[in-house]
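Everything below concerns the one structure shown next.
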2 protein chains.
Amino acid sequence: MYIHIFVFEILLTQMELEKEIQQTNFKSQKHKAVLNILFTASWLGCQQQRFLKEHDISPQQYNVLRILRGQKGNPITVNGIQERMIDRSSNASRLIDKLKEKKLTERVICENDRRQVDIVITKLGLELLKEIDIEMEDEENTFGKITIKEAEELNRILDKLRG
Amino acid sequence: MYIHIFVFEILLTQMELEKEIQQTNFKSQKHKAVLNILFTASWLGCQQQRFLKEHDISPQQYNVLRILRGQKGNPITVNGIQERMIDRSSNASRLIDKLKEKKLTERVICENDRRQVDIVITKLGLELLKEIDIEMEDEENTFGKITIKEAEELNRILDKLRG
DNA sequence: TACAAATATATGTATATACATTTAATGTAT
DNA sequence: ATACATTAAATGTATATACATATATTTGTA
């Protein structure tokens with residue numbers, strides 16, 4: 001169940017994809033779509049990284065903090081976090097360690113299964129997220145370039161693609 | 001011109017996004033779209049990585065090789081390659097070094113501007129790409145889950161989003 | 001010409017990542 | 001109960017990456 005269509009041989013300057021893409025001779029729209037998804041994700045990731053850097057956390061660390069906040073107080077194990085991360089990474093343990101060093105998370109050993117370690121977000125962690133939320137709200141409209149209908153359509157197609 | 005809407009607090013298991021996504025209470029379809037793009041790109045990247053590993057090259061290295069092949073014999077500088085890469089990375093130099101070690105590329109110093117280094121793909125590099133092409137062709141239909149019309153629509157929306 | 005600014009590439013360094021292995025706790029079959 | 005497999009988390013190690021800086025060359029300008 002692999003997907004192996006990756007056509008990168010066309011010239012693509014980061015900032016000019018939208019222009020270039022019209023001139024290209026991609027073998028097909030599908031190939032172009034794969035490239036477009038990877039490219040757009042990289043573009044989004046870049047923005048995110050630059051923004052979060054001001055708060056001294058990586059996108060991965062931010063991702064984990066959001067997962068923890070989403071738990072609304074319920075603990076979640078290291079494994080649980082790993083499964084929910086955007087980039088499946090085998091380093092959830094070390095990643096959480098970094099967050100602990102920054103006093104943003106805490107570890108609690110499960111009494112019923114002492115192999116497991118429950119992770120919770122600290123008050124400081126929640127405050128950091130709140131701070132980031134506020135800053136992000138101002139910028140949210142930047143994403144207004146597509147309509148809600150288009151966003152829905154985008155989601156539908158991406159889901160189908162992976163489905 | 002940043003994009004800062006990243007809602008990750010919903011539970012998302014890699015293999016089950018398509019199920020989970022229907023149950024989620026994302027703030028909006030737009031937020032969901034950002035997550036969906038990042039997630040799908042990660043999913044695509046994973047497939048790619050596992051496949052390419054059998055040929056002992058990384059996705060980034062593969063990306064560079066395709067760019068070089070796309071040059072159809074014309075040389076391209078390190079900087080030129082860097083601009084065209086999917087993941088803007090400041091390490092094009094070292095990346096190309098790895099390819100050189102594997103005899104897949106060669107460096108040629110430009111005579112008209114001796115700061116520049118022209119890179120070309122070797123016969124061995126082209127052979128490797130050919131080999132990968134053949135293996136990929138068998139799998140291409142896997143990407144047939146969306147129609148060409150949908151692929152076009154996907155491209156249109158992604159372009160608009162970045163535009 | 002001389003000399004500062006700009007450009008292309010390479011490198012130093014700290015951190016992040018992938019992948020394999022280890023450690024500890026639990027489950028299961030005999 | 002004992003032995004073996006399984007699971008959760010942590011760690012070792014090689015490689016990759018980001019970011020800053022260095023080096024060499026070219027360009028622009030007084």
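Keep in mind it's a predicted model, so treat the numbers as computed, not measured.
Atom OH in Tyr62(B) sits roughly 18 Å away from atom P in dA16(D) (whole-Å rounding). Computed from coordinates, the Glu83(B) CD to dA8(C) C1' distance equals 11 Å when rounded to whole Å. Atom CD1 in Ile109(A) sits roughly 11 Å away from atom P in dA9(D) (whole-Å rounding). Following rounding to the nearest Å, Ile57(B) (CD1) and dT15(D) (P) show an atom-to-atom distance of 17 Å. Protein atom CD1 of Ile76(A) is 15 Å distant from nucleotide atom C1' of dA9(D), rounded to whole Å. Rounded to an integer number of Å, the gap from Arg107(B) CZ to dT9(C) C1' is 8 Å. What separates CG of Asp56(B) from C1' of dC19(C) is a distance of 14 Å, to the nearest Å. Regarding Leu95(A), its CG atom lies at a distance of 14 Å from the P atom of dA9(D), rounded to whole Å.
Of the charged side-chain nitrogens involved, at least one lies within less than 4.0 Å of a carboxylate oxygen, so that Glu153(A) and Arg156(A) count as a salt-bridged pair.
Across all strands, Asp97(B) comes closer than 4.0 Å to no nucleic acid atom at all (heavy-atom distances). Residue Ser58(A) is classed as having no contact, given no heavy-atom separation below 4.0 Å to the nucleic acid. Among the atoms of the strands shown, base atoms are found under 4.0 Å from some heavy atom of Asn91(A).
Residue pairs meeting the side chain to side chain donor-acceptor pair (under 3.5 Å) criterion with at least one member in residues 94-104 of chain A, sequence neighbours excluded, are Gln61(A)-Lys102(A), Asp97(A)-Arg107(A).
For a distance-only test at 3.5 Å, the side chain of Arg115(A) fails to qualify as a donor-acceptor partner of the base of dG27(C).
Considering only side-chain atoms of Thr77(B), the nucleotide from dA9(D), dA16(D), dT9(C) that sits closest is dT9(C). The side chain of Arg114(B) has dT26(D) as its nearest neighbour among dA9(D), dT26(D), dA18(D). For Asp113(B), whose side chain is taken as the heavy atoms from C-beta onward, the closest listed nucleotide among dA10(C), dT26(D), dA10(D) is dT26(D). With dC19(C), dA25(C), dA9(D) as the candidates, the nucleotide lying closest to the side chain of Lys53(B) is dC19(C).
Cluster annotation: Leu124(B) and Ile67(B) are assigned to the same hydrophobic cluster (Ile/Leu/Val/Met/Phe/Trp/Tyr, side-chain heavy-atom contacts under 4.5 Å, transitive). Hydrophobic clustering, with ILVMFWY side chains joined whenever heavy atoms are under 4.5 angstrom apart, groups Val117(A) together with Val64(A).
dT30(C) is paired with dA1(D) under the criterion used here, namely a Watson-Crick or G-U wobble arrangement in which both key atom distances are under 3.5 Å.
Between Gln49(A) and Arg94(A), it is Arg94(A) whose nearest contact on DNA chain D lies nearer the 5' terminus. In terms of position on DNA chain D, the residue among Lys98(B) and Val117(A) whose nearest nucleotide sits closer to the 5' end is Val117(A).
Asn36(B) and Arg162(A) are linked by a side-chain donor-acceptor pair at a separation below 3.5 angstrom, with hydrogens and angles left out of the test.
The backbone N or O of Ile146(A) sits less than 3.5 Å from a side-chain atom of Lys30(B), completing a donor-acceptor pair.
Considering only side-chain N and O atoms, Ser93(B) lies nowhere under 4.0 angstrom from the phosphate OP1 or OP2 of dT9(C). The shortest distance between the side-chain N/O atoms of Gln60(B) and the OP1/OP2 oxygens of dT17(D) is below 4.0 Å.
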